[in-house]
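Basis for what follows: all heavy atoms, side chains included, without hydrogens, waters or symmetry-related copies.
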Amino acid sequence: MEGAPDRQDPIKIVAYDPQWPSLFDRERHRVEGVLLPWLTAPVEHIGSTAVPGLAAKPIIDMLAVVSDYDAVSAAVPTMVAIGWAHAPEPSDPETRTHSFCHPDPAWRTHHLHVVEHSSAGWRTWLAFRDHLRANPADAEEYARLKQELAARDDHDRPAYRAGKAPFITSRIQRVEVPAMREPPGAES
């Protein structure tokens, strides 16, 4: 986002913290209160911090699936008012995603992905999380990979993401990604 601070937090992989679910839950309640008119399902805890025992960057990734990307833009001022910085990624308009960081993009503890129900990808995020939860050996291998990538350069986010991609893709090919269904209330 033009004018937004660059991410300052290094890519640091830490041991699983049993506080992560409660840190997610605290912010989930606040976020759901703002996004409720557009939510098609409860806000989900995604990413590595959502997998018990998995080493991760200590940033709680959250997913809110909404009925209408354009309409949810009305919630941006309220999200900012409750301490979430609107921090769009370069691809957000194309993927119909809003990104928010708490407390700010430079040093965030939480990252919220607000995705339109019809957007591609979010079902895969949930399937990958669930696969890691059910397969501890894959979770351990993923943790080792992330630690190796972070050790190479703890500020090169594109290289870190690219380095994880083959592992993620190989595991996604093994799981069943839920089919897209209409959001509640969309049936005529």
Item checked: Exercise: identify the closest heavy-atom pair between G163 and L149 -> C-CD1, 3.5 Å

Margin query: Check whether D153 reaches the backbone of H155 with its side chain - one donor and one acceptor, N or O, closer than 3.5 Å.
Written below: yes

Next item on the list: Output yes when R171 and D138 qualify as a salt bridge under the 4.0 Å nitrogen-oxygen rule, no when they do not.
Entry: yes

Note to self: Measuring from atom OG1 of T109 to atom CG of D104, what distance do you get when rounded to the nearest 0.5 angstrom?
What the structure shows: 9.0 Å

Checklist line | Distance-minimising heavy-atom pair for W107 and P10 | finding: CZ3-CD, 4.0 Å

Item checked: Over-ring placement of R144 relative to Y142, 6.0 Å and 45° cut-offs -> no

Margin query: Could you go through W84 and H110, starting from their C-alpha distance and side-chain angles, then the distance that decides it, and tell me whether this counts as side chain to side chain contact (heavy atoms under 4.5 Å, CB included)?
Written below: CA-CA 9 Å; W84 284 82; H110 293 70; 3.3 Å; yes

Next item on the list: List the steps and the verdict of side chain to side chain contact (heavy atoms under 4.5 Å, CB included) for L23 and E27.
Entry: CA-CA 7 Å; L23 294 172; E27 291 302 319; over 6 Å; no

Note to self: As a quick check of understanding, evaluate side chain to side chain contact (heavy atoms under 4.5 Å, CB included) for I168 and W125, giving each step before the final call.
What the structure shows: CA-CA 10 Å; I168 294 168; W125 303 344; over 6 Å; no

Notebook entry, point to check: What class does the angle between the rings of H86 and H98 fall in, given that below 30° is parallel, 30 to 60° is tilted and above 60° is perpendicular?
Noted result: tilted

Margin query: With rounding to the nearest 0.5 angstrom, report the CZ to OG1 distance, R129 to T124.
Written below: 12.5 Å

Check: Considering residues at least two apart in sequence or located in another chain, which fulfil the side-chain contact (heavy atoms from CB on, under 4.5 Å) criterion with T78?
Finding: V34

Check: In terms of the angle between their ring planes, are H131 and F128 parallel, tilted or perpendicular, with boundaries placed at 30° and 60°?
Finding: parallel

Item checked: Sub-4.5 Å side-chain heavy-atom contact between V66 and V115 -> no

Check: Under the 3.5 angstrom rule, does the side chain of T40 hit a backbone N or O of V65 as a donor-acceptor pair?
Finding: yes

Notebook entry, point to check: Which pairs count as ring-ring contact (aromatic ring centres under 6.0 Å, His included) when at least one residue sits in residues 27-51, sequence neighbours excluded?
Noted result: F24-H45

Next item on the list: Measure across S73 and P77 and return the closest heavy-atom pair with its distance rounded to 0.1 Å.
Entry: O-CD, 4.0 Å

Notebook entry, point to check: Just checking, any donor-acceptor pair under 3.5 angstrom between side chains of S22 and Q19?
Noted result: yes

Margin query: When you compare the side chains of K146 and S48, does any donor N or O come within less than 3.5 Å of an acceptor on the partner?
Written below: yes

Check: So which of E44, H117, H113, E116 actually passes side-chain contact (heavy atoms from CB on, under 4.5 Å) with W122?
Finding: H117

Next item on the list: Report yes if the side chains of M62 and H111 come closer than 4.5 Å at any heavy-atom pair, otherwise no.
Entry: no

Next item on the list: Dump the intermediate steps for side chain to side chain contact (heavy atoms under 4.5 Å, CB included) on V114 and L112, then the final yes or no.
Entry: CA-CA 6 Å; V114 181; L112 174 66; 3.7 Å; yes

Next item on the list: Report the distance from atom CD1 of I11 to atom CG of D154, rounding to the nearest 0.5 Å.
Entry: 6.5 Å

Check: Can you tell me how far CZ of R108 sits from CD1 of I60, rounded to the nearest 0.5 angstrom?
Finding: 11.5 Å

Notebook entry, point to check: Is there a side-chain contact between V76 and M79 (heavy atoms, below 4.5 Å)?
Noted result: no

Checklist line | Close side-chain approach of D25 and W20, heavy atoms under 4.5 Å | finding: no

Check: Are I59 and V43 co-members of a hydrophobic cluster defined by side-chain heavy atoms under 4.5 Å apart?
Finding: no

Next item on the list: State, with a plain yes or no, whether a side-chain heavy atom of I172 is found less than 4.5 Å away from one of R174.
Entry: no

Notebook entry, point to check: Distance from L63 atom CG to R123 atom CZ, nearest 0.5 Å?
Noted result: 10.0 Å

Margin query: The criterion is side-chain hydrogen bond (donor to acceptor under 3.5 Å, both in side chains); which residues satisfy it with R133, sequence neighbours excluded?
Written below: none

Notebook entry, point to check: Looking only at heavy atoms, which two atoms of L54 and A139 are closest? And how far apart?
Noted result: CD1-O, 3.0 Å

Check: What pair of heavy atoms forms the shortest contact from P21 to P18, and how long is it?
Finding: CD-O, 3.3 Å

Notebook entry, point to check: CG of L39 to CD of E32: how many Å apart, nearest 0.5 Å?
Noted result: 6.0 Å

